[in-house]
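Quick note: residue numbers are just sequence positions, from 1.
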Amino acid sequence: TVPQVGKEIVELYLGNNAILDLPEVWLSSNLHQLKVLELRENKLSAIPDNIISLVNMERLDFTNNDIVGIPFEMGEMPNMKSLLLDGNPLRSIRHDVLQKGTVAIMKYLRDRMPPPSSTNGGSANGQLSAMRSEAAQAASSSHELALSKKLEFIKKNASEIPDEIWQSVSSVGVTSADFTHNMLTALPTRLVDIASTLSTLVLVRNRLSGTLDGLNSLTQLVTLDVRNNQLTGFGDMSSLSKLRELVFSCNRFNELPASLYQVTSLSVLIASDNRITAIDADSLAQLVNLSSLDLQNNDIAQVPPKLGNMQHIKSLQLAGNAFRVPRPAVMSKGTSAILEYLRDRIPT
């Protein structure tokens, strides 16, 4: 059975147990702040529909259970960055989709959601309702921003953030900025205006390319998400002493950039779906707080045995690479088995 946990818990690791189910009342009780839930190597046969109530969830690991179906509504979980489902007898998702990683899985689920039920009342009533909704939203936006401290400028197809947006947040104390699905080609220069309070920065699906410079001024960052761009590197990151989570899946990195190893506070590193060819175990060893490393779907030809010494890693994802060792039989056993396998092959 699942344990009772406190309301403030953010990460929960329950892998390698014999958990049979996730009670809906457990999911809806004290887990609203949860961002990471690991349930690999258990005996789960289903995922409850109300898993979608965990709106802050970023990483879900259901690897190697007995799950046959998954709620399609999970495709709209707004903050999901890593959804791991390998090693389950799934009937609702094709194997080739699973191999493509989280972005493809989420899209697959969204595409299969049932259409919303139609409402009666005619087009005039519908237009009036929409107008009222838009007006109410505009009237309350400033108040909501002041309360939430979250700046959201999403799906605007903008190449720069308008000055009025920065003016509206100048005295708010913004802690989170989300510029997903725009056309930004560089880090917005006026981020420095909110750098003293900004802890989360999301730049997913923009047109960032080459080396991302300017990060070093954002000294309070805890989470940085730059998925789905065309980046190949990061500039100086030596001042990011609070950064715990870095996500740059679906970019064009050929290697883990040297500046990354300056960030010894990192706990979560997600670099799947790039062009990374090698793992520098000696440099990675500097990341003493790293608990989750995702390098799936890259071009890694060899896994260095020294990686096995990083026993503080609780989740290691390496599927979809070119290496032949460790063999799939070892990989399917999970992180602990992979690390032990690697350690046993360190030359003495």
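- Summarising the geometry of P326 relative to I338, their closest heavy-atom pair is CG-CG2, 4.4 Å, with the distance given to 0.1 Å.
- For R345, the CZ atom sits in a packed shell: over 12 heavy atoms of surrounding residues, nucleotides or ligands are nearer than 6.0 Å.
- Residues L221 and K242 are not in side-chain contact: their nearest non-hydrogen atoms beyond the backbone lie 4.5 Å or more apart.
- Using a 4.5 Å cut-off on side-chain heavy atoms (C-beta onward), N56 and L34 make no contact.
- Ion pairing of D178 with K150 is absent here, as no side-chain N (NZ or NE/NH1/NH2) approaches a carboxylate O to less than 4.0 Å.
- Between E11 and K314 there is no salt bridge, since no side-chain nitrogen of the basic residue lies less than 4.0 Å from a carboxylate oxygen of the acidic one.
- By the neighbour-count criterion of 12 heavy atoms within 6.0 Å, atom CZ of R205 is sparsely surrounded, having that number or fewer from other residues, nucleotides or ligands.
- Without hydrogens or angle criteria, T335 side chain to L316 main chain gives a donor-acceptor distance under 3.5 Å.
- In this structure a side-chain-to-backbone donor-acceptor pair under 3.5 Å is missing from D299 to I276.
- Atom CE of residue M74 and atom CE of residue M106 lie 7.0 Å apart, to the nearest 0.5 angstrom.
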Task: Audit row: S283, L256, side chain to side chain contact (heavy atoms under 4.5 Å, CB included) steps and yes/no - done: CA-CA 10 Å; S283 295; L256 293 177; over 6 Å; no
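- Under the side chain to side chain donor-acceptor pair (under 3.5 Å) test applied with E41, the options N65, N16, N64, T63 reduce to a single match, N64.
- In this structure the side chain of L187 reaches within 4.5 angstrom of the side chain of L212, judged on heavy atoms.
- Judged by distance alone, with hydrogens and angles left aside, the side-chain atoms of N206 form a donor-acceptor pair with the main-chain N or O of V204 at under 3.5 Å.
- The residues D163 and R190 are annotated as salt-bridged, a charged nitrogen and a carboxylate oxygen being separated by less than 4.0 angstrom.
- Taking a cutoff of 4.0 Å between a charged side-chain nitrogen and a carboxylate oxygen, E245 and K35 do not qualify as a salt bridge.
- A distance of 4.0 Å separates CG in N50 from CD in E24, rounded to the nearest 0.5 Å.
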